[in-house]
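Working notes for the structure below.
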Amino acid sequence: MSGKPRLTYLNGRGRMESIRWLLAAAGVEFEEVYLETKEQYDKLIKDGFLLFQQVPLVEIDGMKMVQTRAIMSYIAGKYNLHGKDLKERALIDMYVEGISDLMQMILMFPFSPPDAKEKNLESIKEKAINRYFPVFEKVLKQHGQDFLVGNKFSWADVQLMEAILAVEEKVPAVLSGFPQLQVFKTKMSNMPTIKKFLQPGSPRKPPPDAHYVETVLKVFKK
């Protein structure tokens, strides 16, 4: 073992992408194992690697961790991205949960039936502009800091940056009415670890395409 965290998932974004983002933002290198067949997935279950018969699976510090939220909470705690006290941690968790609701819509979008795609895209745009992004615009404006909680880089900042870029891929002008978020995005993009992750050749995955959708359906078919 190299000592690097080992990530097992498909070769695409899905639920693992937020974990990749968080590790990369913390400056942690990791290894990846890609599932391409149902047999590989079934073997992980049979071997007892997947506690709830689900991936993502992250092997870190001698543990085989599943459940995205638990994995990310552990990484955030390990690399000091979870606030300085309980109150900050509660705020970070609250913001992360909100961003996760928006990301869930983006996660499911590639699997929309063709006749529902336009409607689902409109829903992502509407909720980003009217429900989610205004919250973070207001937070940044009210406390006048570079980061969402305290004045320290946290898990919530990483999640928000990922969400902004994911929505922009579908709605390029989505930040036009959010000057604070525009500044936030620029600052985050220039943080050395995130800047590196945004470069070509990094472990960041491209937007899901038809091949990815096909692989997901094949690997997880009942």
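This one's a predicted model, so the numbers in the text were calculated from it and none came from an experiment.
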Exercise. Under the side-chain contact (heavy atoms from CB on, under 4.5 Å) criterion, do Leu22 and Gln159 qualify, and how do the steps go?
Worked result: CA-CA 8 Å; Leu22 192 56; Gln159 286 272 272; over 6 Å; no
Any heavy-atom pair between the side chains of [Y] and [X] that's under 4.5 Å?
X      : Y      : value
Leu23  : Leu7   : yes
Tyr9   : Glu32  : no
Val96  : Met72  : no
Ile75  : Val28  : no
Ile99  : Tyr132 : no
Phe147 : Met188 : yes
Trp155 : Ser73  : yes
Asn11  : Glu36  : no

Look at the side chain of [X] and the backbone N and O of [Y], then say whether any donor-acceptor pair between them is shorter than 3.5 Å.
X      : Y      : answer
Glu31  : Arg6   : no
Asp47  : Phe49  : no
Glu17  : Lys205 : yes
Gln54  : Gln67  : no
Asp209 : His211 : yes
Gln182 : Leu175 : yes
Lys152 : Asn80  : yes

Problem set entry | side chain to side chain donor-acceptor pair (under 3.5 Å) contacts touching residues 93-109 (sequence neighbours left out) |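 Applying side chain to side chain donor-acceptor pair (under 3.5 Å) to every pair that reaches into residues 93-109, excluding sequence neighbours, yields Arg15-Gln104, Arg69-Asp93, Arg69-Glu97, His82-Asp93.
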Following the transitive rule for hydrophobic clusters with a side-chain heavy-atom cut-off under 4.5 Å over Ile, Leu, Val, Met, Phe, Trp and Tyr, establish whether [X] and [Y] coincide in one cluster.
X      : Y      : value
Ile19  : Leu107 : no
Met65  : Val33  : no
Val183 : Val135 : no
Val219 : Met108 : no
Met63  : Leu50  : yes

Exercise. Which pairs, with at least one residue in residues 160-169 and sequence neighbours excluded, count as a salt bridge (charged side-chain N to carboxylate O under 4.0 Å, His left out)?
Worked result: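 For residues 160-169, and leaving out neighbouring residues, the salt bridge (charged side-chain N to carboxylate O under 4.0 Å, His left out) pairs sorted by first residue read Arg13-Glu169, Glu168-Lys185, Glu169-Arg204.
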Do you know the tightest heavy-atom contact between [X] and [Y]?
X      : Y      : value
Asn190 : Lys195 : OD1-NZ, 4.1 Å
Arg20  : Leu10  : NH2-O, 3.3 Å
Gln53  : Tyr41  : O-OH, 2.6 Å
Pro203 : Phe197 : C-CE1, 3.9 Å
Ile92  : Ala156 : CG2-N, 3.9 Å
Glu88  : Gly150 : OE2-CA, 3.8 Å

Exercise. Would the number of heavy atoms belonging to other residues, nucleotides or ligands and lying under 6.0 Å from NZ of Lys170 be above 12?
Worked result: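 Yes, enclosed.
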Exercise. Does CD in Glu29 sit with more than 12 non-hydrogen atoms of other residues, nucleotides or ligands closer than 6.0 Å?
Worked result: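 It does not: Glu29 CD has 12 such atoms or fewer within range.
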Got a second to check how far [X]'s [atom1] is from [Y]'s [atom2], nearest 0.5 Å?
X      : Y      : atom1 : atom2 : result
Ile71  : Lys64  : CD1   : NZ    : 13.0 Å
Leu160 : Phe184 : CG    : CZ    : 4.5 Å
Tyr79  : Tyr74  : OH    : OH    : 8.0 Å
Phe153 : Ile194 : CZ    : CD1   : 4.0 Å
Phe220 : Thr215 : CZ    : OG1   : 10.0 Å
Phe136 : Asp157 : CZ    : CG    : 10.0 Å

For this session: Determine, stepwise, if the pair Leu102 / Phe133 fulfils side-chain contact (heavy atoms from CB on, under 4.5 Å).
Result: CA-CA 10 Å; Leu102 177 60; Phe133 287 173; 3.8 Å; yes
Would you tabulate the side-chain donor-acceptor contacts of residues 115-123 under 3.5 Å, counting partners in other chains and residues two or more places apart, or write 'none'?
residue, atom, partner, partner atom, Å
Lys117, NZ, Pro110, O, 3.4
Lys117, NZ, Ser112, O, 3.1
Asn120, ND2, Ser112, OG, 2.9

For this session: Just do the side-chain contact (heavy atoms from CB on, under 4.5 Å) check on Tyr34 and Gln40 with the steps written out, would you?
Result: CA-CA 9 Å; Tyr34 298 128; Gln40 287 173 299; over 6 Å; no
Problem set entry | side-chain contact (heavy atoms from CB on, under 4.5 Å) between Lys187 and Met191, intermediate numbers included | CA-CA 7 Å; Lys187 283 180 176 162; Met191 282 190 64; over 6 Å; no
